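Chain naming here is simple, since letters A, B, ... match the order of the sequence lines and numbering starts at 1 in each. What you are looking at is a predicted structure, and each value in this text was computed from that prediction instead of being measured. For the numbers below, each heavy atom of this structure counts, side chains included, while hydrogens, waters and symmetry mates do not.
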Amino acid sequence: MFPRTMLSSLALGISVTLLTCAAGCAATVPSPELVAARSAYARVQVSEAQQLVPAEVLAAHQSLMAAEKAFQEDPGSPHTRDLGYIAQRRAQLAEARGAIAADQRDSTQAEKDVDQLRRWDEKRTKAALSETRAEVSAQATKLAAREQQLTDEQRARRVAEKRAADALASLHELASVKEEERGMVITLNGAVLFVTNQATLLPIARERLQQVADALAENPHGNITIEGYTDSTGAQALNEELSLKRAEAVRGFLVEHGIDAGRVRAKGYGPARPVADNKTPEGRANNRRVEIVVEKSR
Amino acid sequence: MLDLRWLVFVPVVGAAACASAPVPAERLASAEAALRSAAEVGAERTPQAALHLKMARDQIAEARNLIKSGDTELAGSVLARAQIDAELSLALAREDEARAKATAAIEEARTLRSDAHHAP
């Protein structure tokens, strides 16, 4: 507001005047008030008040100049002493107001810093919270996926079990199915499967055996043994050969229709192990059979 | 170019030269008002402020007596001193307050800053 060059030229002016007076006038001891005023002003000049409250400092300077002038003109008068007193107070006032301005500046800065630090802290906390939430969410997602997977697996297993069960149930409609110690035994009547005294599969037999093959495919565990049997009529050797050929015919069909070859074997027992009395026609018919034995896999 | 803004201060110099210009009653009221302001801000609590408060109070009392005895010119001079002492007392009391506030704020910032450095 007031150029520094003007202040220094005023100061220079005062100093010159004082020196001139000192040279020309009688030696005059400055009053205690003036001394105090000069020293108070000197203190203010080097304080922050110069930059922060320059108008106050200028007022103090003006006051000092008035006191100096009065001292030159009328050294001992009460008026001169009043001016000296007031000049000292003005300088002290400028100093105090400068200090207030400095404190306010420091307060404002510190408040800004506090605000900034709080915001940083908040940001950091929010970021940490965000991170934690993201982790929790990721874990929850993983968990959900795993649960879904388990549910799907369970469902798939149940579907497979149902199909296997349905297949077995349908078998019961085609043939006699029994659970024995040696495994599951599917008994097919010889008359249904083969041309009399031959090992050629009848057309209707192929249909039934297809269904058996499907059912066995749904239950893919356990080895399969196909056992051919005859009644006791005729030569044993011939019967054994016929029963073996028939077992092999059934085996061949099953292997052609999806059953793993390594899993199936054929055997011919001939008239051995009859299940019915060979003396009656019904008994003999029942003995003429093929048994498909599915071993328990466990 | 001649900068004449400093002329605004001339009346201050002029008033200091002629001490009797404003009426003592006005000066008295003004000094008392300044005294009250200083007291309200708690000037008595701070040593330096309390000192100038007392000086202002004493000078006002002296001025009253001078006015009563008819010495208005001297009363005027005394009141000029009382006025400035009261203003100084007020400023010193305010400075004390401002410094306390600044110290507290700086301390708070320092604490937060050190917490931030130690945060996990």
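- Under the 4.5 Å side-chain criterion, counting only non-hydrogen atoms from C-beta, B/Glu95 is not in contact with A/Glu95.
- B/Arg57 CZ: more than 12 foreign heavy atoms inside a 6.0 Å radius.
- Between A/Ser107 and B/Ala98, the closest heavy-atom pair is OG-O, 4.5 Å.
- Atom CG in A/Leu93 sits 5.5 Å away from atom CD1 in B/Ile84 (nearest 0.5 Å).
- Among the candidates B/Ala100, B/Ala91, B/Ala80, the residue making the largest number of heavy-atom pairs closer than 4.5 Å to chain A is B/Ala91.
- The line from CG of A/Leu117 to CZ of B/Arg113 is 5.5 Å long, rounded to the nearest 0.5 Å.
- No part of A/Ala70 comes within reach of chain B, as not one of its non-hydrogen atoms sits under 4.5 angstrom from that chain.
- Of all heavy-atom pairs spanning A/Ala110 and B/Ala109, the tightest one is O-CB, 4.1 Å.
- Under the 4.5 Å side-chain criterion, counting only non-hydrogen atoms from C-beta, A/Gln92 is not in contact with B/Leu92.
- Nearest heavy-atom pair across B/Ser77 and A/Asp82 is CB-OD2, 2.9 Å.
- More than 12 heavy atoms of other residues, nucleotides or ligands shown are found within 6.0 angstrom of CD on A/Glu153.
- In this structure, A/Arg133 places its CZ atom where only 12 or fewer heavy-atom neighbours from other residues, nucleotides or ligands lie under 6.0 Å away.
- Atoms CD and CG, on B/Glu97 and A/Asp103 in that order, are 11.0 Å from each other to the nearest 0.5 Å.
- Annotation: the span from B/Leu88 atom CG to A/Arg97 atom CZ amounts to 8.5 Å, rounded to 0.5 Å.
- Within a 6.0 Å radius of CZ in B/Arg45, no more than 12 heavy atoms belonging to other residues, nucleotides or ligands are found.
- Once rounded to the nearest 0.5 Å, the distance linking CG of A/Asp113 with CD of B/Glu108 reads 10.5 Å.
- Summarising the geometry, atom CD1 belonging to A/Ile100 is positioned 12.0 Å from atom NZ belonging to B/Lys101; distances are rounded to the nearest 0.5 Å.
- Side chains of B/His52 and A/Arg89 form a contact here, defined as non-hydrogen atoms less than 4.5 Å apart.
- Summarising the local packing, CD of B/Glu44 is surrounded by 12 or fewer heavy atoms from other residues, nucleotides or ligands at distances under 6.0 Å.
- Counting only heavy atoms from C-beta outward, the side chains of A/Tyr85 and B/Asp85 approach each other to under 4.5 Å.
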